[in-house]
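Quick note: residue numbers are just sequence positions, from 1. One-based numbering, in listed order, for ligands and for the atoms of each. These figures come from a predicted structure and were not determined experimentally.
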Amino acid sequence: MGAVTASAPGKIILFGEHAVVYGRPAIAVPVTQVRATAEMVPAARGAGFVIVAADLARRYRLNQARRDDPLAAIVRAVLVRFGRTHPPDAVLTLHSTVPIASGLGSGAACSAAVARAVSAFVSPSAPLDDDAVNAVVYDVEKLHHGTPSGIDNTVIVYGRPVYFVRDRLIESFRVPVAFQLAIADTGIRSPTKIAVGDVRTAWQADTPRFERLFDGIGALAADARRAIEDGHPEELGPLMLANHRLLRQIGVSCPELDRLVDAARAAGAAGAKLSGGGRGGNMIALVDEGNADAVVRALKEAGAVSAFITEVGSNA
Ligand code: PMV
C-alpha cells in the first residue's frame with residue numbers, strides 16, 4: 001500500500017439555506033480557493049492507525065479517539081464499507097484551509113477528503129466512487145449535525161453547482177455566463193446545528209408563518225436558477241437581497257452580517273446575503289470586474305476578517 005492524497009473543496013450556499021431543511025430548493029456552488037486535503041501514509045506493522053489533525057495540532061490513535069470525534073467517525077464508516085474489522089497501519093494527516101463553523105462546508109470537506117484518501121489506501125483498484133463517498137459523508141454529517149439537508153456533502157463531493165431538493169435526485173445545472181462573488185468572513189464561529197435547532201423551535205411555535213417564509217425563499221432559489229441558466233447572472237443581485245431579508249426574518253442574521261451586507265451594497269455590489277447557517281460565518285456579494293476590489297476593501301473595513309473573490313461557472 002503506497003501513500004495517497006485526496007482533497008475536497010469548500011462551498012457556499014447561493015440561495016435557500018434553512019428553507020432547504022424543510023424541502024424547498026437551494027443552490028450551492030463549490031469554492032475551490034479553500035480546500036481540505038487528506039494524506040494516508042503506510043506505517044510499520046503493528047503501529048496502528050494514527051490521525052493527525054495538522055491545523056489543530058492534534059495527533060491521536062483511531063482506537064483511542066472519543067466517540068464523537070468526527071474524523072474517527074468518517075474513517076470507521078469507510079472501513080466498515082470495505083468490511084475491514086481492523087484498521088490498517090497508517091498515518092492519516094488532514095490539512096484544511098476551509099474555516100471551521102463559518103458556512104463554507106468545513107466538516108463535509110474534511111470528511112470527503114478523508115473518505116477518499118482512506119478508501120484509495122485500503123482499496124487502490126476500486127476506491128469508493130462519488131456516490132458512495134457522498135452517502136458516507138452524509139451519514140457522518142447526520143451524526144454531528146442533527147438534521148442536515150444533505151446539500152453540503154452533495155456540492156462538495158461532486159464539486160459542481162447543484163440545485164438541491166432534499167430526498168430528490170441531485171440536479172446539476174448550467175452556468176453559461178460566469179459571475180463573480182466576494183466571500184467575506186465575520187470571524188464569528190457559529191455552529192450550524194444551533195442555528196438550525198433555533199429555526200426548528202421557531203417553526204414549531206408558528207408553523208404557518210415559517211412555512212410562508214420558506215416558500216418565499218424557495219421561490220427565490222427557483223428564480224435564481226432560471227436567471228443563471230438563461231445567462232443573466234446580473235439578475236441575481238435583487239434576489240440575494242430579498243433572500244437576506246427573509247433570512248433576517250427567520251432570525252439567523254446578526255448585526256455583523258447585516259453590516260457586511262450593507263457595506264458591500266454601498267461599495268457597488270448588486271446584491272449580498274449571508275451564506276450558510278448564519279449568526280456569523282460568511283456572507284457573499286455579487287460583484288463585477290469594475291467593483292470587485294472596492295467591495296473587498298469595503299468588506300474588510302466593515303470588519304470582515306477575510307474577504308476574497310471567487311468565480312462561479314469558469315472552473316465548476
Ligand atoms: O452552515 P453551513 O454551511 O453548514 O450550511 C448549512 C445550511 C443549512 O441549510 C442551514 C442547514 C442544512 O443542513 O442544509
Side-chain angles (χ1 to χ4, degrees), residues 8-31 33-36 70 96-112 134-135 137-158 161-168 170 181 183-203 210-211 213-218 220-221 224 240 243-244 246-254 256-257 273-284 306 310:
K11 70 99 214 333
I12 47 157
I13 297 183
L14 266 181
F15 289 93
E17 48 274 272
H18 287 289
V20 69
V21 175
Y22 298 81
R24 274 54 165 204
I27 297 177
V29 298
V31 175
Q33 285 93 339
V34 289
R35 197 159 262 283
S96 175
T97 55
V98 190
I100 293 170
S102 307
L104 292 185
S106 156
C110 290
S111 287
N134 192 35
V137 173
Y138 184 49
D139 284 346
V140 170
E141 292 271 292
K142 278 193 275 198
L143 230 55
H144 299 288
H145 301 302
T147 56
S149 63
I151 191 169
D152 274 24
N153 46 285
T154 302
V155 64
I156 281 168
V157 168
Y158 296 99
V162 292
Y163 184 79
F164 183 90
V165 182
R166 197 170 182 165
D167 299 327
R168 287 227 206 120
I170 301 151
L181 297 170
I183 301 179
D185 192 347
T186 58
I188 301 168
R189 300 287 162 258
S190 171
T192 302
K193 190 177 180 174
I194 294 174
V196 169
D198 289 351
V199 171
R200 183 157 298 267
T201 306
W203 172 77
F210 273 71
E211 286 292 319
L213 293 169
F214 295 151
D215 280 344
I217 292 175
L220 290 170
M240 290 168 78
N243 196 162
H244 186 72
L246 290 170
L247 287 164
R248 286 187 58 172
Q249 291 178 46
I250 283 173
V252 293
S253 192
C254 64
E256 292 81 358
L257 281 165
K273 62 180 277 293
L274 71 83
S275 180
R279 301 267 177 79
N282 278 270
M283 54 76 72
I284 55 177
S306 75
T310 191

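- Distance from atom 12 (C) of ligand 1 to its nearest protein heavy atom, with residue and atom name: S149 OG, 3.4 Å.
- Taking the side chain as every heavy atom from C-beta outward, P161 and P30 approach each other to under 4.5 Å.
- Near I151, meaning under 4.0 Å from one of its heavy atoms, ligand 1 places the atoms 14 (O).
- Counting heavy atoms from C-beta on, the side chains of L246 and L220 come closer than 4.5 Å.
- Near V20, meaning under 4.0 Å from any of its heavy atoms, are these atoms of ligand 1: 9 (O), 14 (O).
- Regarding atom 4 (O) of ligand 1, its nearest protein heavy-atom neighbour is D152 OD2, 3.0 Å.
- For K11 (side chain) and G103 (main-chain N/O), a donor-acceptor pair under 3.5 Å exists by modelled atom type.
- The shortest non-hydrogen separation linking D215 to R24 is OD1-NH2, 2.8 Å.
- By the 4.0 Å heavy-atom criterion, E141 is excluded from the residues contacting ligand 1.
- Ring geometry for Y22 against F214 counts as parallel: the plane angle stays under 30°, on a 0 to 90° scale with 60° as the upper cut.
- The N/O atoms of G103, backbone and side chain alike, include one that comes under 3.5 Å of an N/O atom in ligand 1.
- An N or O contact shorter than 3.5 Å links G277 to ligand 1 by distance.
- Residue, atom and distance of the protein heavy atom nearest to atom 6 (C) of ligand 1 are T192 CG2, 3.5 Å.
- Ligand-side atoms of ligand 1 in range of E17: 9 (O), range being under 4.0 angstrom from any heavy atom.
- Residues I12 and N282 fail the side-chain proximity criterion, which asks for heavy atoms closer than 4.5 Å.
- In terms of protein heavy atoms, atom 3 (O) of ligand 1 is closest to K11 NZ, 2.4 Å.
- At the shortest separation from atom 7 (C) of ligand 1 among protein heavy atoms lies I13 CD1, 3.5 Å.
- In the model, R35 has no side-chain atom that pairs as donor or acceptor with a side-chain atom of S96 under 3.5 Å.
- Counting heavy atoms from C-beta outward, L247 and S253 have side chains that stay 4.5 Å or more apart.
- Atoms of ligand 1 lying under 4.0 Å from at least one heavy atom of H18, given by number and element, are 8 (C), 9 (O), 10 (C).
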